[in-house]
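The structure displayed is predicted, hence computed values, not measured ones.
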Amino acid sequence: MPVGLFRVCLLVITAIVNHPLFFPKENGTVPESTEEIIQKMKQREESLRLEQLRLEREIADQEATQKALEKAAVAVEESKEEKVRWDMWTALSMVIFLLIELWRQDFQEGNWQDIGGEEDDMAVLGKAFKGVAFPNKAVLASFYEKRILGTTGDMARMREMVEGFADDLLEALRSVCNRDADMEVEDCMGVGSMYENWRVRKPFVCDLIVPFAPPEPYCFRCQTWCSGDSFPPDEQGYGTIKVCRADEDTAGCICDKTKLGEDMLCLLHSQVSSTRPSSEMEDLLCFKNTQYLDADQVMKWFQIAVTKAWNRISHKYEFDLSFSLLDSPGALKIKFKSGKSIAFNLTPVVQYENSDVYFISHFPRSSLAADISSSTHWFLTFAVYERRFIQLVSKTLPANACHVSCLQILSFLHGKQCSLTGPSGLTNYHLKTVLLHLLQARPSQDWAPEKLEARLQDMLKFLEKCLHEKKLYHFFIGNGNVPAELGFPIIFQRAEPLNLFRPFVLRRDIYRKMVDTFHEMLRNMSALISEYTVHIPLAHTNGIRKEPL
């Protein structure tokens with residue numbers, strides 16, 4: 001009992017002693033007021049808000065950086081895809097370009113002057129000429145027999161006479177020339193329409209070319225526009241002729257390109273041979289202060305030589321000989337006492353290497369060669385190969401083939417039209433080029449004599465197409481299908497095709513005149529042919545309709 005009471009009293013005393021109001025702790029503080037607590041809570045809230053804003057900014061920056069990285073990755077990926085697409089387009093373009101180039105080469109090597117079918121070509125002619133009536137077979141046959149066949153015998157007699165006189169004249173020319181200093185003249189060759197048997201219009205004029213070479217120890221070194229040297233576009237088809245010593249290196253010795261000292265001597269060239277006075281080169285018909293053959297100098301030399309040769313043999317003939325054109329080296333005219341005359345051209349040429357391609361200085365009666373200011377540029381003629389090609393193809397054609405007849409009729413119509421409306425840029429050489437293309441493109445049986453009307457239409461359609469496109473390619477240059485039997489130089493087969501109508505692209509007045517002349521010829525065709533055609537009975541024309549172009 002006393003022990004329990006004692007424990008209760010001890011507990012009460014301990015509780016009283018530990019009460020905070022009676023004995024506060026040393027570190028204890030009186031509870032803060034409500035305002036202070038609220039103030040601290042606001043400050044805490046403000047600090048948390050600022051911290052939240054900072055975290056939001058950091059998160060936004062991180063998101064922006066992430067987006068930028070993603071965009072950069074997308075851009076890189078797109079650029080890779082674009083590059084892949086661009087590479088694909090580039091590769092595709094290259095493939096297309098190569099295919100086009102291969103097609104172009106095949107087109108040039110094959111039928112590179114597109115002929116097309118007769119029905120397709122009919123659309124080539126303009127609408128204004130659909131009503132033009134084409135002469136029927138009976139009218140064409142009568143016209144050909146009356147107007148053209150009669151000239152064949154006259155041409156043969158004239159060729160024989162001119163060739164005989166030309167040989168005699170050239171033999172006399174060799175005798176009057178100095179063999180050690182003057183040019184060496186070779187035998188002449190006949191080229192052109194008179195020797196291809198398709199010339200129809202009078203006066204008949206024989207074209208003869210005379211190759212010549214320099215005296216020993218000199219030689220000619222020829223350079224063409226397609227031999228790798230730089231020639232401007234308007235000089236395509238031309239070349240230069242350099243006069244060199246036969247023992248001179250083509251590339252030239254270093255002594256000609258560098259200045260040797262006074263005590264140094266070239267072991268290949270002596271001092272005498274290395275110096276060439278300008279007078280010596282002018283004696284070799286070169287342009288002043290150059291080694292290039294001058295066409296004007298050649299013309300003067302040839303005219304003087306022909307004059308001397310004629311003075312030597314004139315006593316043997318009962319006619320006079322004179323120059324009909326002074327701006328051509330050998331445009332000669334024979335005048336008989338009866339008043340009749342015969343004209344022929346004797347033109348000096350230079351052989352290209354060992355081929356039958358020749359550099360020719362002047363074209364007396366045609367506009368084949370454009371006006372070149374430099375007299376050291378010579379035009380290349382392929383007349384010998386053209387004659388050989390016609391002869392070669394003629395052997396494979398049917399008897400009495402109509403290819404020559406087509407060219408004769410078209411040449412006659414063109415000549416008659418030019419006599420009415422004046423000359424144009426279109427020449428007989430253009431007409432012959434059209435025939436050469438058709439001869440290569442069409443099979444042999446298409447040139448049977450009964451197909452004269454159809455082939456003549458083909459020539460007119462082809463020519464109209466070329467005039468419309470302003471493109472008529474030279475037959476030999478760039479043509480890889482030239483028969484191997486001709487032995488044609490490969491350098492010209494691999495060259496870019498030469499457009500014979502290129503000079504008319506910039507000269508619009510001449511081109512317009514040429515087109516107008518052709519269209520007028522189409523309109524007047526029936527009238528021009530009927531003028532030289534005998535009357536055809538109706539029985540011959542029944543059932544034969546006039547086929548419009």
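When atom types are taken as modelled, the side chain of Glu520 and the backbone of Asn524 share no donor-acceptor pair closer than 3.5 angstrom. At least one donor-acceptor pair closer than 3.5 Å links the side chain of His430 to the backbone N or O of Thr427. At least one donor-acceptor pair under 3.5 Å links the side chain of Asn499 to the backbone N or O of Leu472. Of the possible donor and acceptor atoms, one in the side chain of Arg174 sits under 3.5 Å from a partner among the backbone N and O of Glu186. A donor-acceptor pair under 3.5 Å links the side-chain atoms of Thr396 to the main chain of Val393, judged by distance alone. The backbone N or O of Leu506 sits nowhere less than 3.5 Å from a side-chain atom of Arg502 that would complete a donor-acceptor pair. Side-chain N or O atoms of Ser341 include none that pairs as donor or acceptor with a backbone N or O of Ile334 at under 3.5 Å. Judged by distance alone, the side chain of His414 and the main-chain N or O of Ile409 form no donor-acceptor pair under 3.5 Å. Gln417 places no side-chain N or O within donor-acceptor distance of the main-chain N or O of Leu528, the cut-off being under 3.5 Å. Proximity of a side-chain donor or acceptor of Asp446 to a complementary backbone N or O of Ala454 within less than 3.5 Å is not detected.
Separating the OG1 atom in Thr376 from the CD1 atom in Ile241 is a distance of 9.5 Å, to the nearest 0.5 Å. In this structure, the separation between NZ on Lys471 and SG on Cys466 is 10.5 Å, given to the nearest 0.5 Å. The distance from the CG atom of Leu431 to the OG atom of Ser193 is 11.0 Å, given to the nearest 0.5 Å. With rounding to the nearest 0.5 Å, the separation of CZ in Arg245 from CD in Glu216 is 11.0 Å. In this structure, the separation between CZ on Phe518 and CZ on Arg523 is 11.0 Å, given to the nearest 0.5 Å. Between the CD atom in Glu469 and the CD atom in Glu464 there is a gap of 10.5 Å [rounded to 0.5 Å].
Summarising the local packing, CD1 of Ile490 is surrounded by more than 12 heavy atoms from other residues, nucleotides or ligands at distances under 6.0 Å. Remark: Asn400 CG is loosely packed, at most 12 non-hydrogen atoms of other residues, nucleotides or ligands lying under 6.0 Å away. Atom NZ of Lys470 has more than 12 heavy atoms from other residues, nucleotides or ligands within 6.0 Å. Within a 6.0 Å sphere centred on CG of Asn354, heavy atoms belonging to other residues, nucleotides or ligands number 12 at most.
A salt bridge does not link Lys288 with Asp294: none of the charged nitrogens is closer than 4.0 Å to a carboxylate oxygen. Between Glu318 and Lys337 no salt bridge is recorded (no basic side-chain N to carboxylate O distance below 4.0 Å). Remark: Asp516 engages Arg512 in a salt bridge, criterion side-chain N to carboxylate O under 4.0 Å. A salt bridge does not link Arg157 with Glu160: none of the charged nitrogens is closer than 4.0 Å to a carboxylate oxygen.
Ring geometry, Phe488 versus Tyr385: the interplanar angle exceeds 60°, so the pair is classed perpendicular (tilted spans 30 to 60°). Ring planes of Phe212 and Trp301: tilted class, angle from 30 to 60°. Under the 30°/60° scheme for interplanar angles, the aromatic rings of Phe412 and Phe143 are found to be tilted.
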Residue pair Glu450, Lys137: steps toward the salt bridge (Lys or Arg N to Asp or Glu O under 4.0 Å) verdict: CA-CA 8 Å; Glu450 62 271 12; Lys137 298 178 181 178; over 6 Å; no
Tyr317 and Phe165: CA distance, side-chain angles, deciding distance, ring-ring contact (aromatic ring centres under 6.0 Å, His included) verdict: CA-CA 10 Å; Tyr317 298 94; Phe165 174 70; 5.2 Å; yes
Verdict with reasoning, Ser175 to Glu171, per side-chain contact (heavy atoms from CB on, under 4.5 Å): CA-CA 7 Å; Ser175 65; Glu171 188 62 33; over 6 Å; no
Derivation and outcome, side-chain contact (heavy atoms from CB on, under 4.5 Å), residues Ile477 and Trp225: CA-CA 12 Å; Ile477 300 175; Trp225 86 101; 3.6 Å; yes
Chi angles and distances behind the side-chain contact (heavy atoms from CB on, under 4.5 Å) call for Cys406, Leu452: CA-CA 7 Å; Cys406 290; Leu452 172 64; 3.6 Å; yes
side-chain contact (heavy atoms from CB on, under 4.5 Å) between Leu397 and Leu439, intermediate numbers included: CA-CA 10 Å; Leu397 300 180; Leu439 282 174; 4.3 Å; yes
ring-ring contact (aromatic ring centres under 6.0 Å, His included) assessment of His362 paired with Phe379: CA-CA 8 Å; His362 297 80; Phe379 191 77; over 10 Å; no
Criterion side-chain hydrogen bond (donor to acceptor under 3.5 Å, both in side chains) on Gln223 and Tyr352, from CA distance to verdict: CA-CA 9 Å; Gln223 297 174 330; Tyr352 174 74; over 6 Å; no
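In terms of heavy-atom proximity, Gln440 sits nearest to Val482 at NE2-N, 4.2 Å. The minimum heavy-atom distance linking Ser444 with Pro398 is given by the pair O-CD, 3.2 Å. Arg199 and Val205 make their closest contact through NE-N, 3.8 Å (heavy atoms, listed as atom of the first residue, atom of the second, distance). Considering every non-hydrogen atom in both Pro449 and Ala399, the closest pair reads CD-O, 3.6 Å. Contact between Leu325 and Gln303 at its shortest, heavy atoms only, is O-NE2, 4.3 Å. The minimum heavy-atom distance between Val243 and Cys286, with the atom names listed, is CG2-SG, 3.4 Å.
Counting heavy atoms from C-beta on, the side chains of Ile529 and Leu140 come closer than 4.5 Å. The shortest side-chain heavy-atom distance between Asp356 and Tyr358 falls under the 4.5 Å cut-off. The side-chain heavy atoms of Cys206 and Arg159, taken from C-beta on, include a pair separated by under 4.5 Å. You'll find the side chain of Leu498 stays beyond 4.5 Å of the side chain of Tyr473, heavy atoms only. Side-chain contact check for Thr517 versus Met514: every heavy-atom pair is 4.5 Å or farther apart. For the pair Leu346 and Leu170, the minimum side-chain heavy-atom distance is below 4.5 Å. Taking 4.5 Å as the limit, every side-chain heavy atom of Leu208 sits out of range of all side-chain heavy atoms of Thr347. Looking at heavy atoms from C-beta onward, Val191 lies out of side-chain contact with Arg387 at the 4.5 angstrom threshold.
Ring centers of Tyr292 and Phe220: at least 6.0 Å apart, outside the cut-off. Annotation: Phe389 is in aromatic contact with Phe475 [ring centroid separation under 6.0 Å]. For Phe492 and Phe382, the distance between ring centers is under 6.0 angstrom.
At least one test fails for Lys333 against the ring of Phe323: distance under 6.0 Å to the centre or angle within 45° of the axis.
In this structure, a donor-acceptor pair under 3.5 Å is absent between the side chains of Gln493 and Asn479.
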